[in-house]
Amino acid sequence: MTEGPALRAVGAASLIREEWFLGVSIATSLAFLVFHEQLFGQLSDPLWFTVVFAWLFAAVLGSALSVVRHADHLAERLKEPYGTLILTLAITSIEVMAISAVMLHGENNPTLARDTLFAVVMIILNGMVGLSLLLGAWRRPEQQHNLQGANAYLGVIVPLATLSLVMPTFLSGPDGQHPSAPRQLILGLISVGLYATFLFLQAGRHRDYFTDDSIRHEPHGEHSLPHGPMWPHAVLLFAYMGPVVFLVEQLARPIDYIIETLHAPTAFGGVVMAILVATPEAISAVRASIANNLQRSVNIFLGSVLSTIGLTVPAMLVVSQLYGHPVTLGLEHGDLVMLLLTLAVSIITFASGRTHLMQGAVHLVLFLAYVMLIFQQ
């Protein structure tokens, strides 16, 4: 008769061990809520600034990693493409909240959304893709993925990236490079419309494009679903996202301080946001590639880029209109060349349905070129 309470006690202890970081996130949120002025009152001290920035960055990143962990559990139950869809939408939500918080805090930074989008594209399509392909090919000559799925992703990513980050450079309105309200409306509708159409095809009639052919045709008995309900993972996923909403608002203050007071490059805020967004998905994609599940890696990094452009751009345009913060979307000079080069190389990389070590090396070289470009600016 005592086995029931004993098992529940063991289960509770196991849950505490696995989800201890939720307590850290909540405690951090309470600390910055109660002692807000004291914690931010000494940012001029380099040591204290480093402590506060590292504390907030670690809390947000740890929560985002926990979101990915529970999204992966849901992915195991739901299978592709729904599992990856949950992951990309959760991380994109964090990205939108983070950019909005930094955008609305402190002095207006019209290029923040553009810098973040560009940094996310470079980190994912070059850094994440390069590392995944390189490590995945280290143990095997080639890896395979569903060519139709990659073509579907790139067929939407290329026009959206061009309309959002390239075209505005050559279209100057009455306010300079800031897009006018009609252009913002058209761009937002195009982005949302294309992304919604893609989701309809991904989750509907063409869902087979986003699964591995070899796995799809294997007997169902060889891939048994994990035991246990899904709802605890769904609840914990949202529980971890809760503190992120508050913590990214707090992270905006040290980011603004280093840009406005210490005169760091304006792209610094975008790079920080991009690292927060890309790191959790990068870990998941690299693990999948090492495990010879390149299709999941492709779904993660291409799906992440698509959701970032398709959802973040309209969200930032809405924030711009509501709060009167102008945004600059068009890339210039070397950044524009890097984006076009990255899109072209990505099309070549995924054009055959097979990848190898050389392709991973090329993408990593492009990522290093992007890093050098940041420091030169």
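Side chains are part of it too, since the values below use all heavy atoms of this structure and drop only hydrogens, waters and symmetry mates. Note that the structure is predicted; figures quoted are calculated from it, not measured.
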**Nearest atoms (heavy-atom pairs only) where Tyr195 meets Ser307** = OH-CB, 3.4 Å

**Asked** So, for Leu133 and Gly360, which heavy atoms are closest and what is the spacing to 0.1 Å?
**Response** CB-CA, 3.7 Å

**Item:** Connected via hydrophobic side-chain network under 4.5 Å: Val60 and Leu30
**Value:** yes

**Prompt:** Does some side-chain heavy atom of Leu65 sit less than 4.5 Å from a side-chain heavy atom of Phe21?
**Reply:** no

**Asked** So how far is it from Leu154 CG to Thr349 OG1, rounded to the nearest 0.5 Å?
**Response** 9.0 Å

**Asked** Same cluster or not: are Val166 and Val337 linked, directly or through other Ile, Leu, Val, Met, Phe, Trp or Tyr residues, by side-chain heavy atoms under 4.5 angstrom apart?
**Response** no

**Message:** What I'd like to find out is whether the side chain of Leu317 reaches to under 4.5 Å of the side chain of Val313, using heavy atoms alone.
**Reply:** yes

**Message:** Run the ring-ring contact (aromatic ring centres under 6.0 Å, His included) test on Tyr153 and Phe198 for me, step by step, so that the C-alpha distance in whole Å, both residues' side-chain angles and the decisive distance to 0.1 Å come before the verdict.
**Reply:** CA-CA 8 Å; Tyr153 277 119; Phe198 178 85; 5.0 Å; yes

**Request:** Please step through side-chain contact (heavy atoms from CB on, under 4.5 Å) for the pair Val286 and Ile290, ending with a clear verdict.
**Result:** CA-CA 6 Å; Val286 170; Ile290 293 175; 3.8 Å; yes

**Asked** At what distance, to the nearest 0.5 angstrom, does CD1 of Ile275 lie from CG of Leu61?
**Response** 9.5 Å

**Prompt:** What distance separates Ser346 OG from His363 NE2, expressed to the nearest 0.5 Å?
**Reply:** 4.5 Å

**Message:** Please find the pair of heavy atoms, one from Ser29 and one from Phe246, that lie closest to each other, and give the distance.
**Reply:** O-CE2, 3.2 Å

**Prompt:** Linking I/L/V/M/F/W/Y whenever any side-chain heavy atoms sit under 4.5 Å apart, do Ile186 and Leu117 land together?
**Reply:** yes

**Item:** Least distance between heavy atoms, Val298 atom then Ala150 atom
**Value:** CG1-CB, 4.4 Å

**Asked** How close do Gly193 and Thr197 get, heavy atom to heavy atom, and via which atoms?
**Response** O-OG1, 2.8 Å

**Prompt:** Tell me, do Gln359 and Phe350 make a side-chain contact under 4.5 Å, heavy atoms counted?
**Reply:** no

**Asked** Hey, are the side chains of Arg253 and His36 touching, using non-hydrogen atoms and a 4.5 Å cut-off?
**Response** yes

**Asked** In terms of the angle between their ring planes, are Phe367 and Tyr370 parallel, tilted or perpendicular, with boundaries placed at 30° and 60°?
**Response** tilted

**Request:** Report yes or no: do Val192 and Phe200 belong to one cluster of Ile/Leu/Val/Met/Phe/Trp/Tyr joined by side chain heavy-atom distances under 4.5 Å?
**Result:** no

**Request:** Give a yes or no on whether Leu341 and Val365 share a hydrophobic cluster (residues Ile, Leu, Val, Met, Phe, Trp, Tyr; joining criterion: side-chain heavy atoms under 4.5 Å apart).
**Result:** no

**Heavy-atom side-chain proximity of Met338 to Leu373 below 4.5 angstrom** = yes

**Request:** Decide yes or no on side-chain contact (heavy atoms from CB on, under 4.5 Å) for Leu187 and Ser164, but give the supporting numbers first.
**Result:** CA-CA 7 Å; Leu187 179 58; Ser164 300; 3.8 Å; yes

**Item:** Ile347 vs Val158, side-chain contact (heavy atoms from CB on, under 4.5 Å): CA-CA, chis, key distance, verdict
**Value:** CA-CA 9 Å; Ile347 293 173; Val158 171; 4.0 Å; yes

**Item:** Rounded distance (nearest 0.5 Å) linking atom OG of Ser191 with atom CD1 of Ile309
**Value:** 8.5 Å

**Heavy-atom closest pair, residues Leu339 and Ala161** = CD2-O, 4.4 Å

**Request:** For Ser297 and Ser289, indicate whether the former's side chain and the latter's backbone hold a donor-acceptor pair under 3.5 Å.
**Result:** yes

**Item:** Criterion side-chain contact (heavy atoms from CB on, under 4.5 Å) on Val345 and Leu125, from CA distance to verdict
**Value:** CA-CA 9 Å; Val345 172; Leu125 285 187; over 6 Å; no

**Prompt:** Do side-chain atoms of Trp55 reach the backbone of Thr28 as a donor and acceptor pair under 3.5 angstrom?
**Reply:** no

**Inter-residue atom distance Leu165.CG - Leu340.CG, 0.5 Å rounding** = 10.0 Å

**Message:** Distance check, rounded to the nearest 0.5 Å: Leu364 atom CG versus Asn126 atom CG?
**Reply:** 8.5 Å

**Prompt:** So, Ser25 and Ser63: side-chain donor and acceptor under 3.5 Å apart, yes or no?
**Reply:** yes

